[in-house]
Novice: 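What follows is a single structure, and I will ask about it in a moment.
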Amino acid sequence: MTHSTRSSHPRRRTTPRHPVSPPGPRTLRATWERQAAEAGGPGGFHHLHGPHTHGWLLADAVPELLEPIVHADDDPLEPTFFAHLDAPVAEALLTRFAPAHLVHRSNGSPTLGNQLRATVAHPGEITLHGFVLGPGRCDERIVSEGALVRFEADLLVTEHHAPGCECELLWAYAVDELGLDDAEHAPHRIHRIHRAEAPDETWWRLLWA
């Protein structure tokens with residue numbers, strides 16, 4: 001896409017879709033430090049609305065906490081996806097994030113803070129997945145768009161919630177027992193999943209997307 005077709009973002013540089021990584025060891029911190037420096041430079045991209053500051057995710061060992069569960073994207077404007085965010089990581093993030101960093105939600109999901117607290121309170125029963133918008137963007141943030149929930153019940157859950165679908169029982173459990181209680185509405189999709197590392201356990205994905 002050329003510069004002339006992106007008139008709403010006049011400061012964006014023309015870059016390859018997947019830039020070539022610089023030589024040397026790659027770590028999440030190194031990637032994000034490079035993105036923050038480029039965004040803050042004279043040719044940096046800025047959203048029309050936003051604080052135009054970059055780098056809060058670099059504080060307090062946050063990159064080191066997230067590195068085992070993310071796949072970093074070299075494109076600073078693309079999200080970095082994470083999975084398997086469990087209780088120890090959730091607890092560590094809660095001690096490092098300001099309240100303003102915990103309010104983000106995905107399409108009516110529970111807030112990040114609510115999901116992290118529920119994960120800490122129920123270790124081994126919840127893991128989170130979602131995405132990070134890194135320091136290359138003005139809207140830098142972490143968003144959890146879904147939760148994997150352990151619920152040992154053989155429920156009938158259909159894709160389009162046909163008559164007899166029992167997804168409401170699972171959602172009620174997630175709200176009343178696990179504390180995922182500040183969502184704007186129920187998940188868009190609920191389905192049973194198989195976890196290779198826990199073949200004898202019953203897990204469900206709650207997804208707001």
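Everything numeric here is computed off the predicted structure, so don't read it as measured data.
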Novice: Starting at CD1 of Ile142, measure out to OG1 of Thr80 and round the result to the nearest 0.5 Å.
Specialist: 10.0 Å
Novice: Hey, any chance Trp203 and Leu169 share a hydrophobic cluster, counting ILVMFWY side chains that come within less than 4.5 Å of each other, even indirectly?
Specialist: no
Novice: Could you check if a side-chain atom of His84 sits within less than 4.5 angstrom of a side-chain atom of His129, using non-hydrogen atoms only?
Specialist: no
Novice: Could Asp181 and Arg117 be called an ion pair, given the rule that one side-chain N must be under 4.0 Å from one carboxylate O?
Specialist: no
Novice: Could you tell me whether His185 atom NE2 has more than 12 heavy atoms of other residues or ligands within 6.0 Å of it?
Specialist: yes
Novice: Can you check whether Leu156's main-chain N or O pairs, donor with acceptor, with Glu166's side chain at less than 3.5 Å?
Specialist: yes
Novice: Are the side chain of Glu91 and the backbone N or O of Val120 linked by a donor-acceptor pair below 3.5 Å?
Specialist: no
Novice: Judged by atom type as modelled, is there a donor-acceptor pair below 3.5 Å linking the side chain of Asp182 to the main-chain atoms of Thr111?
Specialist: yes
Novice: So which heavy atom on Glu145 is nearest to which on Gly130, and how close?
Specialist: CG-CA, 3.7 Å
Novice: Quick check: does any side chain N or O of Arg96 sit under 3.5 Å from a backbone N or O of Asp60, one acting as donor and the other as acceptor?
Specialist: yes
Novice: Any carboxylate oxygen within less than 4.0 angstrom of a Lys/Arg side-chain nitrogen, looking at Arg195 and Glu201?
Specialist: no
Novice: With heavy-atom distances below 4.5 Å as the criterion, would you say the side chains of Val149 and Thr127 are in contact?
Specialist: no
Novice: In Å, rounded to the nearest 0.5 Å, how long is the span from CZ of Phe131 to OG of Ser144?
Specialist: 9.5 Å
Novice: Can you check side chain to side chain contact (heavy atoms under 4.5 Å, CB included) on Leu206 and Leu180, steps first, answer last?
Specialist: CA-CA 11 Å; Leu206 313 180; Leu180 295 171; 4.3 Å; yes
Novice: Can you tell me if Glu152 uses its side chain to pair, donor with acceptor, with the backbone of Thr202 under 3.5 Å?
Specialist: yes
Novice: Could you go step by step and tell me if Leu85 and Leu93 meet the side chain to side chain contact (heavy atoms under 4.5 Å, CB included) rule?
Specialist: CA-CA 10 Å; Leu85 196 163; Leu93 293 178; 4.0 Å; yes
Novice: Taking the side chain as C-beta and beyond, is there a heavy-atom pair between Leu148 and Arg205 under 4.5 Å?
Specialist: yes
Novice: Answer whether the closest heavy-atom distance between the side chains of His191 and Ile193 falls below 4.5 Å.
Specialist: yes
Novice: Check for me whether the distance between the ring centres of His101 and Trp56 falls short of 6.0 Å.
Specialist: yes
Novice: Is there a continuous path of hydrophobic side-chain contacts, each under 4.5 Å between heavy atoms, that joins Phe81 to Leu28?
Specialist: no
Novice: Hey, what do you get for CG (Leu102) to CG (Leu116), rounding to the nearest 0.5 Å?
Specialist: 6.5 Å
Novice: A side-chain contact here means heavy atoms from C-beta on lying under 4.5 Å apart; do Glu125 and Leu178 qualify?
Specialist: yes
Novice: Looking at His188 and Ala209, would you say the former's side chain and the latter's main chain have a donor-acceptor pair under 3.5 Å?
Specialist: yes
Novice: Any link between Ile69 and Leu57 through a network of hydrophobic side chains (Ile, Leu, Val, Met, Phe, Trp, Tyr) touching at under 4.5 Å?
Specialist: yes
Novice: Is the side chain of Ser106 donor-acceptor paired with the backbone N or O of Ser109 at a distance under 3.5 Å, no angle test?
Specialist: no
Novice: Please tell me if the side chains of Leu133 and Leu77 come closer than 4.5 Å, counting only heavy atoms from C-beta onward.
Specialist: no
Novice: Is any side-chain heavy atom of Leu112 less than 4.5 Å from a side-chain heavy atom of Phe97?
Specialist: yes
Novice: Is a donor on one side and an acceptor on the other found under 3.5 Å between the side chain of Arg29 and the backbone of Leu58?
Specialist: yes
Novice: Measure from the side-chain N and O atoms of Arg34 to the backbone N and O of Trp32, and report whether any donor-acceptor pair falls under 3.5 Å.
Specialist: no
Novice: A side-chain contact here means heavy atoms from C-beta on lying under 4.5 Å apart; do Arg105 and Pro110 qualify?
Specialist: no
Novice: Might you work through the side chain to side chain contact (heavy atoms under 4.5 Å, CB included) test for Asp139 and Arg141, ending with a clear yes or no?
Specialist: CA-CA 6 Å; Asp139 55 345; Arg141 65 188 187 273; 3.1 Å; yes
Novice: Ring pair (Phe, Tyr, Trp, His ring centres under 6.0 Å) with Trp171: which of Phe151, Trp204, Trp208?
Specialist: Trp208
Novice: I need the Arg192 CZ to Asp154 CG distance, nearest 0.5 Å.
Specialist: 5.5 Å
Novice: Give a yes or no on whether Glu33 atom CD has more than 12 heavy-atom contacts from other residues, nucleotides or ligands under 6.0 Å away.
Specialist: yes
Novice: Taking all non-hydrogen atoms of both residues into account, name the closest pair between Asp74 and Gln35 and its distance.
Specialist: O-NE2, 3.7 Å
Novice: Evaluate whether atom CD of Glu168 has more than 12 neighbouring non-hydrogen atoms of other residues, nucleotides or ligands under 6.0 angstrom away.
Specialist: no
Novice: Testing the basics here: between Val157 and Ile190, what is the closest heavy-atom pair and its distance to 0.1 Å?
Specialist: CG1-O, 3.2 Å
Novice: Of all the heavy-atom pairs spanning Asn114 and Gly179, show the shortest one and how long it is.
Specialist: ND2-O, 3.1 Å
